[in-house]
Enquirer: 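Before I ask anything, here is the structure I am working with.
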Amino acid sequence: MEIAKTYEPLKAEEKWYQHWLNQGYFHSEPDHREAYTVVIPPPNVTGVLHMGHMLNNTIQDVLVRRARMLGKNACWVPGTDHASIATEAKVVQKLRAEGIKKSDLSREEFLKHAFEWKEKHGGIILEQLKKLGASCDWERTHFTMDPEYSESVINVFIDLFNKGKIYRGVRMVNWDPEALTAVSDEEVLYKEVNSRLFYVRYKIIGETDEWLTIATTRPETILGDTAICVHPSDPRYSRFVGKQVLVPIANREIPVIADEYVDMEFGTGCLKVTPAHDTNDYELGQKHNLPSIDLFNDNGTLNANGAHYEGQDRFEVRKAIETELASKGYLVKTEDIINKVGYSERTNAVIEPKLSLQWFVSMKELAQPALDHVMNGDIQFHPEKFKNTYRHWMENVKDWCISRQLWWGHRIPAWYYGDRPSDFVVAKTLEDAVEAATQKAGMAIDPSALRQDEDVLDTWFSSWLWPISVFNGLTQPNNPEIQYYYPTNDLVTAPEIMFFWVARMIIAGYEYLGDLPFKNVYYTGIVRDKLGRKMSKSLGNSPDPIELIEKYGADGVRVGILISSPAGNDLPFDSSQCEQGRNFTNKIWNAFRLVSSWEVREIEQATSSKVAIEWFENRFAQVLSEINDNFDKFRISDALMAIYKLVWDDFCSWYLEMIKPGYEQPIDAITLERTISFFEDLLKLLHPFTPFVSEELWHSLRDREAGNDIMMALWPQVKEVQQAPLTDFERNAEIIANIRTIRKNNSIATKVKLDLFIKAPASMASIADSVLVKMGNLSQLEYVSEKVEKANSFIVDGTEYFIPFGDSIDLDAEKQKIEEELQYTKGFLKSVQGKLSNQNFVSGAPAQVVDNERKKEADALAKIALLEAKLAEL
RNA sequence: GGGUGAUUAGCUCAGUUGGUUUAGAGCACUACCUUGACAGGGUAGGGGUCACUGGUUCGAAUCCAGUAUCACUCACCA
């Protein structure tokens with residue numbers, strides 16, 4: 001049967017993925033084997049696969065597939081995250097497009113829309129992962145808002161509240177005026193932006209024409225000023241402290257106060273204090289008992305305190321108030337400056353510091369074990385450098401604002417029964433709440449009098465339970481699954497979410513199971529485009545992974561994305577890498593095509609084939625250890641490169657050429673059998689990286705019984721490496737390279753047979769010489785005691801080799817080549833002798849190092865003698 | 001501004017705790033070859049004062065100090 005000239009991935013991918021699914025290979029149940037568990041970083045339920053997911057999930061699949069082949073019970077748990085803000089924003093947007101405003105809907109109506117949206121778009125990303133070949137246990141797919149998962153989230157809230165680790169309070173929080181919710185510190189991105197510094201003067205009361213000039217980037221908050229602050233030891237202003245000044249436009253009187261917080265160098269040294277709209281000003285306000293005037297509505301427009309600006313957006317007011325200040329003579333000047341402004345990670349709206357009543361997790365004590373167990377290596381980070389970042393954050397951890405003014409998510413299980421701030425209870429159900437409230441209030445509380453908190457919990461307050469709750473470890477404590485699969489083994493994720501997610505999972509792991517959630521954390525880099533820009537939807541510089549798969553094949557894309565992405569390094573991605581991956585799958589395919597074209601006859605095995613087999617056996621064993629070592633160190637790219645070279649260079653370029661029968665010649669049975677079994681071993685090493693082509697060829701190489709699939713095959717065993725065949729090969733390869741060079745320099749076609757003379761005793765002859773005859777295309781190989789006249793020559797390992805000239809030869813070129821080699825060797829000798837003539841080196845360095853240098857010297861001297869002799873002859 | 005890490009070939013990176021050649025790999029590049037597995041191929045080759053300056057050492061890409069540039073991260077300078 002004709003075999004296609006190139007590998008055609010699409011058909012194979014569909015066929016084998018379906019086959020693996022049908023066989024139930026992806027599914028795991030606890031058994032006697034060692035467990036190997038990975039939980040997927042759950043993507044946003046409404047998300048679409050991007051290059052970052054590709055990188056991340058390819059690595060996970062490689063680890064999982066290899067673990068499976070090592071005989072472990074591999075379980076890769078997939079799932080999605082409800083991603084409260086992001087998803088709610090999408091739903092609101094979709095409704096708006098349909099002419100429906102969120103504010104017109106009840107909570108129940110909105111959630112109905114949201115769930116419809118989730119049903120429709122949810123899980124697209126998981127389907128896309130299948131195209132990549134991801135061997136997830138799809139029967140275990142979880143969603144952070146599944147009923148049982150939600151129950152565990154609520155239980156944890158209640159438990160932490162009861163332990164006093166969750167509290168409710170009024171704090172300055174990061175307010176997202178677009179999403180209309182508070183966000184955590186980690187969800188605020190600070191960007192440097194060009195802005196302007198406005199110098200505004202305030203008239204001092206009781207003086208004729210004395211003014212204090214302040215500098216601010218936010219003139220629109222002037223109406224909320226409740227003080228002017230100067231440094232207590234600032235001589236320019238000390239006499240004004242205690243006086244009153246008039247706020248422009250508002251015409252309110254506010255005091256001049258002194259505090260060391262003020263930087264005398266910045267601006268004018270006078271600071272306007274707006275306690276309601278700046279974290280620091282808030283603290284100053286607290287310290288100096290200043291009133292707080294809230295100027296903004298939740299959506300970022302000004303409220304009644306904004307006087308005639310009421311209802312206008314904060315940024316419009318900034319422009320308008322500049323004009324007004326200028327026209328009334330309050331604006332002294334403006335300056336361009338660069339300052340940092342906080343943006344919402346989700347909506348990109350400028351964050352407004354806002355005083356509000358929120359729920360917080362008190363982090364300090366919870367974080368301690370999580371810090372300790374990473375620092376002492378119980379949990380390992382790859383690369384290790386991220387430990388530093390982690391420690392820094394954990395040592396300075398702040399309380400975590402977990403309430404969000406949204407509907408999509410886990411509703412906070414707090415119930416209010418009265419008007420005082422303390423009139424609430426935390427309970428799982430309305431019934432429990434009634435009972436608790438009755439007890440707390442000391443009087444009967446009617447269910448209808450209870451109102452549940454309107455807010456939901458931060459998404460991360462559910463995803464921090466992911467490694468536990470996907471096995472129902474909290475709702476069914478100590479169930480067989482959590483006992484078997486937990487702690488999980490490796491977590492593969494992006495460093496960006498180290499604090500959002502990784503740190504908090506570690507915290508939850510120790511708090512709830514008293515044990516680590518995973519043993520290793522592999523941090524991937526950011527996928528960037530050729531210009532070094534982060535790939536993003538808005539830049540439009542991210543290729544569609546599915547299109548890439550269709551173009552290059554899933555295996556090609558997997559190789560392309562892994563070929564050069566060490567842990568923690570950013571990956572500058574270019575589709576040419578996928579091309580390289582595709583070429584590699586094609587190379588493997590064609591190796592198969594060659595092997596399958598051979599016809600077996602009962603002929604004697606060629607000596608060169610015996611030599612080749614012995615060499616490859618040992619070469620394979622050698623590289624296998626390297627690959628295993630790379631895997632142990634999470635050096636995935638290096639492992640891939642090692643198998644890449646083993647297949648391409650050692651197997652295809654050398655081994656197959658060494659055993660290849662002549663055109664239309666048959667092959668002997670032993671050699672073919674050994675070759676097929678080498679091929680099988682190679683396919684096993686390839687399988688984690690290129691699952692599809694390896695499975696396809698596994699079945700093409702031999703007829704297999706049902707159920708004999710490479711996916712479930714065992715990883716090759718490590719064998720002891722014999723050095724002799726390897727060094728023989730190295731020498732032969734060098735001789736062959738020299739022969740090829742001679743052919744090239746003298747334009748001798750590969751087909752023309754050559755004679756090779758070796759100046760060495762005939763006792764040096766070995767069966768390995770047969771390889772030289774075959775690979776060098778020699779008509780004869782002879783050991784001689786004298787040098788051969790009129791011949792090209794070269795030296796390998798101190799032995800001289802001769803190939804008699806053909807009809808013509810370029811003597812000058814030959815001379816030049818020898819000259820160059822001579823020069824190099826002399827230079828080398830000089831550096832070695834330099835060391836050896838240094839008394840300090842000879843006496844100071846270890847004997848072994850000195851001996852080594854002496855040997856190098858002797859070798860170089862011998863080589864120089866040979867080369868000079870050759871030159872003299874020419 | 002604080003902290004951390006980096007700087008090796010055109011690009012992406014190794015370099016295993018200072019001494020196997022005068023520093024390696026993959027890709028890219030150059031020349032030539034190629035009807036017999038694969039042009040998505042083969043052979044050969046070019047290309048680097050290991051960021052800079054000092055220091056430690058018999059010996060430094062490797063250790064130390066400083067400088068420069070970059071990245072990440074934290075932070076309340078309006």
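All values below come from the heavy atoms of this structure, side chains included, with hydrogens, waters and symmetry mates left out.
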Enquirer: In whole Å, what is the span from the OH atom of Y523(A) to the P atom of rU73(B)?
Expert: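 Result: 13 Å.
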
Enquirer: If you compare every side-chain N and O of N583(A) against the phosphate oxygens of rG41(B) (OP1, OP2), does one of them come in below 4.0 Å?
Expert: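 Yes, because at least one side-chain N or O of N583(A) sits under 4.0 Å from OP1 or OP2 of rG41(B).
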
Enquirer: Considering every strand shown, what is the Watson-Crick or G-U wobble mate of rA9(B) when both distances are under 3.5 Å?
Expert: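 Base-paired to nothing in any strand shown.
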
Enquirer: Answer with base, sugar-phosphate or nothing: what part of the nucleic acid does F584(A) contact at a heavy-atom distance below 4.0 Å?
Expert: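 Answer is nothing: F584(A) stays at 4.0 Å or more from every strand.
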
Enquirer: For nucleotides 7-13 of chain B, give me one character per nucleotide, 5' to 3': B if any protein heavy atom sits under 4.0 Å from the base, S if the only such contacts are to the sugar-phosphate, - if neither.
Expert: -----BS

Enquirer: Which atoms of nucleotides 43-49 of chain B (N or O only) lie under 3.5 Å from a protein N or O atom, and what are those distances?
Expert:
none

Enquirer: Just to be sure I understand the rule, does Y7(A) reach a base, reach only the sugar-phosphate, or reach nothing, if contact means heavy atoms closer than 4.0 Å?
Expert: nothing

Enquirer: Rounded to the Å, how far apart are I526(A) CD1 and rC72(B) P?
Expert: 7 Å

Enquirer: Within 45 degrees of the axis of the six-membered ring of Y343(A) and under 6.0 Å from its centre: does K191(A) put its NZ or CZ there?
Expert: yes

Enquirer: Could you check which nucleotide pairs with rU49(B) in any of the strands shown, counting Watson-Crick or G-U wobble with both distances under 3.5 Å?
Expert: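 Across any shown strand, rU49(B) pairs with none.
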
Enquirer: Indicate whether OP1 or OP2 belonging to rA37(B) is found under 4.0 Å from a side-chain N or O atom of K660(A).
Expert: yes

Enquirer: Would you indicate what E496(A) reaches in the nucleic acid, counting non-hydrogen atoms under 4.0 angstrom: base, sugar-phosphate, or nothing?
Expert: nothing

Enquirer: Between W654(A) and R619(A), is there a cation-pi geometry (under 6.0 Å to ring centre, at most 45° from the normal)?
Expert: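 Judged by the rule (NZ or CZ under 6.0 Å from the ring centre, within 45° of its axis), R619(A) is not positioned above W654(A).
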
Enquirer: Let me know the distance between CZ of F499(A) and C1' of rC72(B), rounded to the nearest Å.
Expert: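 Interatomic distance, CZ of F499(A) to C1' of rC72(B): 10 Å.
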
Enquirer: So what's rU56(B) paired with, Watson-Crick or G-U wobble, going by both distances under 3.5 Å?
Expert: none

Enquirer: Is the shortest side-chain N/O distance from W648(A) to OP1 or OP2 of rG42(B) below 4.0 Å?
Expert: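 Yes, W648(A) has a side-chain N/O under 4.0 Å of OP1/OP2 on rG42(B).
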
Enquirer: Can you check the distance between rU56(B) and rG66(B), where both ends of the measurement are the C1' atom (answer in whole Å)?
Expert: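 To the nearest whole Å, 15 Å.
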
Enquirer: Whole angstrom is fine here: how far is it from CD in E657(A) over to P in rC33(B)?
Expert: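 In whole Å, rC33(B) P lies 19 Å from E657(A) CD.
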
Enquirer: If the C1' atom of rA28(B) is compared with that of rG48(B), how far apart are they to the nearest Å?
Expert: 16 Å

Enquirer: Between the side chains of S184(A) and E187(A), does any donor sit under 3.5 Å from an acceptor?
Expert: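 Yes, a side-chain donor-acceptor pair sits under 3.5 Å.
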
Enquirer: Contact between T334(A) and E322(A) at the side-chain level, heavy atoms closer than 4.5 Å - yes or no?
Expert: yes

Enquirer: From the options rA37(B), rG5(B), rC72(B), select the nucleotide whose nearest atom is closest to the side chain of R528(A).
Expert: rC72(B)

Enquirer: Aromatic ring centroids of F679(A) and F651(A) under 6.0 Å?
Expert: yes

Enquirer: Taking atom P in both rC74(B) and rU12(B), compute the distance separating them and give it to the nearest angstrom.
Expert: 26 Å

Enquirer: Please confirm whether the ring centroid of F678(A) lies under 6.0 Å from the ring centroid of Y655(A).
Expert: yes

Enquirer: Answer yes if the side chains of H231(A) and D259(A) hold a donor-acceptor pair under 3.5 Å, and no otherwise.
Expert: no

Enquirer: Within the pair Y644(A) and rC27(B), is there a side-chain N or O less than 4.0 Å away from OP1 or OP2?
Expert: yes

Enquirer: In whole angstroms, how far is the P atom of rC72(B) from the CD1 atom of I497(A)?
Expert: 17 Å

Enquirer: Pick the C1' atom in rA14(B) and in rG26(B), then give their distance to the nearest Å.
Expert: 11 Å

Enquirer: Can you find a side chain N or O atom of R593(A) that sits less than 4.0 Å from OP1 or OP2 on rG36(B)?
Expert: no

Enquirer: Using whole Å, what does the distance between atom P of nucleotide rU20(B) and atom CG of L726(A) come to?
Expert: 22 Å

Enquirer: Taking the cut-offs as 6.0 angstrom to the six-membered ring centre and 45 degrees off its axis, would you call K333(A) and Y199(A) a cation-pi pair?
Expert: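 Here K333(A) passes the 6.0 Å and 45° test against Y199(A).
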
Enquirer: So L271(A) and L284(A), do their side chains get closer than 4.5 Å, heavy atoms only?
Expert: yes

Enquirer: Indicate, yes or no, whether a donor-acceptor pair under 3.5 Å links the base of rC38(B) to the side chain of K5(A).
Expert: no

Enquirer: 5'-most contact on RNA chain B: S597(A) or Q580(A), nearest heavy atom basis?
Expert: Q580(A)

Enquirer: Nearest to the M641(A) side chain among rA25(B), rC74(B), rU16(B), which nucleotide is it?
Expert: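 The answer is rA25(B), which lies nearest to the side chain.
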
Enquirer: Rounded to whole angstroms, how far apart are CG on L594(A) and P on rG36(B)?
Expert: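 So the CG-P distance, L594(A) to rG36(B), works out to 12 Å.
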
Enquirer: Would you measure the distance from the P atom in rA44(B) across to the matching atom in rG54(B) and give it in whole Å?
Expert: 42 Å

Enquirer: Look only at the side chain of N738(A) and the backbone of F794(A), and say whether a donor-acceptor pair between them is shorter than 3.5 Å.
Expert: no

Enquirer: Can you measure E857(A) atom CD to rU20(B) atom P for me and round it to whole angstrom units?
Expert: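 Distance check: E857(A) CD to rU20(B) P gives 16 Å.
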
Enquirer: For rG40(B), give its Watson-Crick or G-U wobble partner with both distances under 3.5 Å, or none.
Expert: none

Enquirer: Restricting to non-hydrogen atoms, name the atom on I588(A) and the atom on V647(A) that form the minimum distance, rounded to 0.1 Å.
Expert: CG1-CG1, 4.1 Å

Enquirer: Can you spot which of L197(A), V193(A), N194(A) makes a side chain to side chain contact (heavy atoms under 4.5 Å, CB included) with I337(A)?
Expert: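 Considering L197(A), V193(A), N194(A), a side chain to side chain contact (heavy atoms under 4.5 Å, CB included) with I337(A) is found only for L197(A).
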
Enquirer: Checking side-chain polar atoms at under 3.5 Å, does T585(A) have a donor or acceptor matched by the opposite partner on K587(A)?
Expert: no

Enquirer: Reckon K587(A) has a side-chain N or O less than 4.0 Å from the OP1 or OP2 of rG42(B)?
Expert: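 For K587(A), the contact criterion (side-chain N or O under 4.0 Å from OP1 or OP2 of rG42(B)) is met.
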
Enquirer: Using Watson-Crick or G-U wobble geometry with both distances below 3.5 Å, tell me the partner of rU62(B), or none.
Expert: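 Pairing partner, where one exists within any strand: none, as none qualifies.
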
Enquirer: For the P atoms, the ones on rU67(B) and on rC72(B), what distance do you get once it is rounded to whole angstrom?
Expert: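 After rounding to an integer number of Å, I get 22 Å for this pair.
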
Enquirer: May I ask you to check whether F386(A) and F381(A) place their ring centres under 6.0 Å from each other?
Expert: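 Here the rings of F386(A) and F381(A) have centres that are no less than 6.0 Å from each other.
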
Enquirer: Work out how far the P atom of rC11(B) is from that of rG5(B), and round it to whole angstrom.
Expert: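 The answer is 25 Å between these two P atoms.
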
Enquirer: Taking the P atom in each of rC58(B) and rC13(B), what is the distance between them to the nearest angstrom?
Expert: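 Looking at atom P only, rC58(B) and rC13(B) are 37 Å apart.
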
Enquirer: Assess the residue pair K863(A) and D859(A) against the criterion (salt bridge (Lys or Arg N to Asp or Glu O under 4.0 Å)); give the C-alpha distance rounded to whole Å, side-chain angles, the decisive distance to 0.1 Å, and a yes or no.
Expert: CA-CA 6 Å; K863(A) 193 164 180 186; D859(A) 289 351; over 6 Å; no

Enquirer: Pull out every protein N or O sitting under 3.5 Å from an N or O of nucleotides 75-78 of chain B, one pair per line with the distance.
Expert:
{"residue": "rA75(B)", "atom": "OP1", "partner": "K398(A)", "partner atom": "NZ", "Å": "3.0"}
{"residue": "rA75(B)", "atom": "N6", "partner": "K340(A)", "partner atom": "NZ", "Å": "2.5"}
{"residue": "rC76(B)", "atom": "O4'", "partner": "N280(A)", "partner atom": "OD1", "Å": "3.1"}
{"residue": "rC76(B)", "atom": "O4'", "partner": "N280(A)", "partner atom": "ND2", "Å": "3.3"}
{"residue": "rC76(B)", "atom": "O2'", "partner": "N280(A)", "partner atom": "ND2", "Å": "3.0"}
{"residue": "rC76(B)", "atom": "N1", "partner": "N280(A)", "partner atom": "OD1", "Å": "3.2"}
{"residue": "rC77(B)", "atom": "O2", "partner": "D263(A)", "partner atom": "OD2", "Å": "2.8"}
{"residue": "rC77(B)", "atom": "N3", "partner": "D263(A)", "partner atom": "OD2", "Å": "2.5"}
{"residue": "rA78(B)", "atom": "N6", "partner": "D263(A)", "partner atom": "O", "Å": "2.7"}
{"residue": "rA78(B)", "atom": "N6", "partner": "F266(A)", "partner atom": "O", "Å": "3.1"}
{"residue": "rA78(B)", "atom": "N1", "partner": "D263(A)", "partner atom": "N", "Å": "3.3"}

Enquirer: Is there a Watson-Crick or G-U wobble partner for rA71(B) with both distances under 3.5 Å, and if so, which one is it?
Expert: rU4(B)

